[in-house]
A.B. asks: 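Take a look at this one; I'll ask things after.
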Amino acid sequence: MKKKKDFFDRVYEVVAKIPKGKVTSYGAIAEVCGIKSAARTVGWAMHGAAGNSLPCHRVVNRNGELTGKIHFGDPDLMESLLRSEGVKFDKEGRVIMDKYNWVPPKKRKKRKN
DNA sequence: AACGTGACTTATT
DNA sequence: GAATAAGCCACGT
């Protein structure tokens with residue numbers, strides 16, 4: 001039975017695997033899901049992820065800006081969470097992508113590595 | 001089925 | 001280099 005996971009489910013899996021103290025970009029997740037150009041859809045997936053205990057605060061945009069912080073209820077919550085995990089911000093309030101940018105492993109069919 | 005929206009990204013001006 | 005435009009995919013109405 002081929003349970004074709006929806007794009008959303010795929011995103012949830014990836015986001016749930018983001019290491020603590022690291023962040024990733026929507027585009028990266030979208031690419032891992034198979035659609036590189038679906039960065040926006042990844043954000044949509046987060047909407048459905050609300051209440052799924054997913055570390056959505058570890059997902060930032062390509063610039064390291066916390067674009068989704070607005071949806072946390074409190075704009076400062078996302079930054080606080082990341083700071084609590086050891087993530088540092090530059091003076092512009094962005095995540096230092098050079099150090100914290102983490103790209104999820106591509107889920108190949110039966111990837112044995 | 002179609003139009004509009006959205007937590008993005010890339011290219012062009 | 002900054003600002004604007006278009007492209008992209010999925011969901012909601």
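Chain A is the first sequence line, chain B the second, and so forth, proteins listed ahead of strands; every chain is numbered from 1. Reckoned from all heavy atoms, side chains included, excluding hydrogens, waters and symmetry mates.
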A.B. asks: Do A:Val23 and A:Trp102 come within less than 4.5 Å of each other through their side chains, counting heavy atoms only?
C.D. replies: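 In short, these two side chains do not touch, never coming nearer than 4.5 Å.
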A.B. asks: Could you state the CD-C1' distance from A:Glu31 to B:dC8, rounded to the nearest angstrom?
C.D. replies: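 Answer to the nearest Å: 14 Å.
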A.B. asks: Write down the distance between CG (A:Asn61) and P (B:dA7), rounded to a whole number of angstrom.
C.D. replies: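 The distance from CG of A:Asn61 to P of B:dA7 comes to 12 Å, rounded to the nearest Å.
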A.B. asks: Starting from A:Ile18, can I reach A:Phe8 by hopping between I/L/V/M/F/W/Y residues whose side chains sit under 4.5 Å apart?
C.D. replies: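 Cluster IDs for A:Phe8 and A:Ile18 match.
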A.B. asks: In this structure, how many angstroms lie between the P atom of C:dA2 and the CG atom of A:Asn63, rounded?
C.D. replies: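 About 11 Å, once rounded to whole Å.
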A.B. asks: Rounded to the nearest angstrom, tell me the gap between atom CZ in A:Arg94 and atom P in B:dA7.
C.D. replies: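 Interatomic distance, CZ of A:Arg94 to P of B:dA7: 19 Å.
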A.B. asks: Which whole-number value in Å describes the distance from A:Phe72 CZ to B:dA7 C1'?
C.D. replies: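 The answer, rounded to whole Å, is 8 Å.
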A.B. asks: Suppose we screen for side chain to side chain donor-acceptor pair (under 3.5 Å). Which residues come up paired with A:Asn52, at least two apart in sequence or across chains?
C.D. replies: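 For A:Asn52 there are no side chain to side chain donor-acceptor pair (under 3.5 Å) partners, ignoring immediate neighbours.
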A.B. asks: Produce a footprint string for nucleotides 6-13 of chain C: one letter per nucleotide, 5' end first; B if the base is under 4.0 Å from any protein heavy atom, S if only the sugar-phosphate is, - if neither.
C.D. replies: -BBBBS--
A.B. asks: Would A:Ile35 and A:Tyr12 show up in the same hydrophobic cluster when neighbours are defined by side-chain heavy atoms closer than 4.5 Å?
C.D. replies: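 Yes: a chain of side-chain contacts under 4.5 Å links A:Ile35 to A:Tyr12.
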A.B. asks: Using whole Å, what does the distance between atom P of nucleotide B:dT9 and atom OH of A:Tyr26 come to?
C.D. replies: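 The answer, rounded to whole Å, is 8 Å.
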A.B. asks: Would you indicate whether the side-chain heavy atoms of A:Leu66 and A:Phe89 approach each other to under 4.5 Å?
C.D. replies: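 Heavy-atom side-chain distance check passes, below 4.5 Å.
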A.B. asks: Holding to ring-ring contact (aromatic ring centres under 6.0 Å, His included), I want the full list of residues that pass it with A:His47, two or more places apart in sequence or in another chain.
C.D. replies: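 Partners of A:His47 under the ring-ring contact (aromatic ring centres under 6.0 Å, His included) test: A:Trp44, A:His71.
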A.B. asks: Send over the distance from A:Ile29 CD1 to B:dC8 P, rounded to a whole Å.
C.D. replies: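 After rounding, the reported distance stands at 12 Å.
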